[in-house]
Colleague: 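Below is the structure I would like to discuss, written out as structure tokens.
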Amino acid sequence: MKLDKLVMAIIQDEDAFHLMDLLNAKGFSVTKLASTGGFLRAGNTTFICGVSEERLPEFIDIIEKKCKSRRQITSVNAMNVNANESFAPYPVEVTVGGANIFILNIEEFRKV
Ligand code: 2BA
């Protein structure tokens with residue numbers, strides 16, 4: 001099968017297991033990497049997958065269905081000038097996901 005697109009999908013760890021199961025069941029090859037989000041400094045999962053042009057919509061559809069957005073509270077450090085310039089954490093709520101998907105053209109794919 002000709003692989004036209006390289007999909008890099010950053011998803012939440014909670015969704016990774018079911019997503020990988022379904023993608024495999026549908027015949028997609030997947031590599032799963034443990035990654036870390038730069039903002040939350042928490043673990044997430046990055047899937048890299050070579051996909052044909054024809055099957056790309058199906059692939060994206062599966063990710064959309066399996067990856068949920070979730071609200072998360074995190075602590076951000078802020079400068080507290082009234083307390084001798086010490087750092088005081090304050091809570092911030094962010095919505096994470098469903099998935100951040102990068103789709104790149106594959107110039108060449110070789111399996112040797
Ligand atoms: P994190 O960098 O840990 O970001 C987690 C969530 O925090 C983000 O969810 C977003 O809602 C929020 N956030 C990120 N940076 C922020 C900032 N500077 N100020 C305020 N809020 C911020 P998502 O956008 O769904 O991103 C989930 C994960 O996907 C990210 O984890 C990161 O690992 C990856 N990601 C998102 N956009 C990316 C990009 N343009 N390039 C590379 N990785 C990206």
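We count ligands from 1, going down the list as the structure has it; atoms in each ligand are counted the same way.
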Colleague: Nearest protein heavy-atom contact for atom 23 (P) of ligand 1: which residue, which atom, what distance?
Modeller: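 Sorting protein heavy atoms by distance from atom 23 (P) of ligand 1 puts Asn100 ND2, 3.4 Å first.
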
Colleague: Any N/O of Leu40 closer than 3.5 Å to an N/O of ligand 1?
Modeller: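 There is such a contact, yes.
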
Colleague: Can you report which non-hydrogen protein atom sits closest to atom 35 (N) of ligand 1, along with the distance?
Modeller: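 For this ligand atom, the closest protein heavy atom is Ile10 CD1, 4.0 Å.
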
Colleague: Starting from the C-alpha separation in whole Å, work towards a yes-or-no answer on side-chain hydrogen bond (donor to acceptor under 3.5 Å, both in side chains) for Ser52 and Asp4.
Modeller: CA-CA 5 Å; Ser52 68; Asp4 307 292; 5.0 Å; no

Colleague: Among all protein heavy atoms in this structure, tell me which lies nearest to atom 9 (O) of ligand 1, with the distance rounded to 0.1 Å.
Modeller: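 The protein heavy atom lying closest is Thr95 O, 3.5 Å.
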
Colleague: Which atom pair, heavy atoms only, marks the closest approach of Lys26 to Arg55?
Modeller: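 Heavy-atom minimum between the residues: O-NH2, 2.8 Å.
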
Colleague: Check this for me: does any side-chain nitrogen of one of Lys65 and Asp15 sit under 4.0 Å from a carboxylate oxygen of the other?
Modeller: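 The answer is no: the pair does not qualify as a salt bridge.
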
Colleague: Number the atoms of ligand 1 from 1 as they appear, then name those within less than 4.0 Å of a heavy atom of Gly38, with their elements.
Modeller: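 In order of number, 1 (P), 2 (O), 3 (O).
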
Colleague: Judging by distance only, is a nitrogen or oxygen of Val94 under 3.5 angstrom from one on ligand 1?
Modeller: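 Looking only at distances, the answer is no, because the N/O contact criterion of under 3.5 Å is not met.
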
Colleague: Any idea which atoms of ligand 1 are less than 4.0 Å away from a heavy-atom of Gly37?
Modeller: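 Ligand 1 atoms under the 4.0 Å threshold to Gly37: 1 (P), 2 (O), 3 (O), 31 (O), 33 (O).
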
Colleague: If every non-hydrogen atom of Phe47 is compared with every non-hydrogen atom of Thr45, which pair is closest and at what distance?
Modeller: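 Phe47 and Thr45 have their closest heavy atoms at CE1-CG2, 3.4 Å.
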
Colleague: What protein heavy atom sits nearest atom 42 (C) of ligand 1, and how far away is it?
Modeller: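 Nearest neighbour among protein heavy atoms for atom 42 (C) of ligand 1, to 0.1 Å: Phe102 CZ, 3.8 Å.
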
Colleague: Looking only at protein heavy atoms, which one is nearest to atom 7 (O) of ligand 1, and how far off is it?
Modeller: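 Sorting protein heavy atoms by distance from atom 7 (O) of ligand 1 puts Phe39 CD2, 3.3 Å first.
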
Colleague: Which atom pair, heavy atoms only, marks the closest approach of Ser75 to Pro89?
Modeller: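 Minimum heavy-atom separation between Ser75 and Pro89: CB-CB, 4.1 Å.
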
Colleague: So, regarding Val96 and ligand 1 (criterion: nitrogen or oxygen to nitrogen or oxygen, under 3.5 Å), is there a contact or not?
Modeller: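 No, Val96 has no N/O under 3.5 Å of an N/O on ligand 1.
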
Colleague: Hey, is ligand 1 close enough to Thr36 that some N/O pair sits below 3.5 Å?
Modeller: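 Thr36 vs ligand 1: no N/O contact under 3.5 Å.
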
Colleague: Gly97 versus ligand 1: do any nitrogen or oxygen atoms come within less than 3.5 Å of each other?
Modeller: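 Yes, since at least one N or O of Gly97 sits under 3.5 Å from an N or O of ligand 1.
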
Colleague: Are Ile101 and Ile48 connected into the same hydrophobic cluster when the rule is that any two of I, L, V, M, F, W, Y join if their side-chain heavy atoms are below 4.5 Å apart?
Modeller: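 The answer is no; the residues belong to distinct hydrophobic clusters.
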
Colleague: Treating Ile, Leu, Val, Met, Phe, Trp and Tyr as nodes and any side-chain heavy-atom pair under 4.5 angstrom as an edge, say whether Leu104 and Val51 lie in one connected cluster.
Modeller: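 Unlinked, Leu104 and Val51 end up in two clusters.
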
Colleague: With rounding to the nearest 0.5 Å, note down the distance linking CD in Glu58 to CD1 in Ile63.
Modeller: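 If we round to the nearest 0.5 Å, Glu58:CD and Ile63:CD1 are 11.5 Å apart.
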
Colleague: Using only atom types and a distance under 3.5 Å, with no angle test, would you say the side chain of Ser35 pairs donor to acceptor with the backbone of Asn44?
Modeller: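 Yes; at least one donor-acceptor contact below 3.5 Å.
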
Colleague: Of the protein's non-hydrogen atoms, which lies at the shortest distance from atom 33 (O) of ligand 1, and what is that distance?
Modeller: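 Going by distance alone, atom 33 (O) of ligand 1 is nearest to Asn44 ND2, 3.0 Å.
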
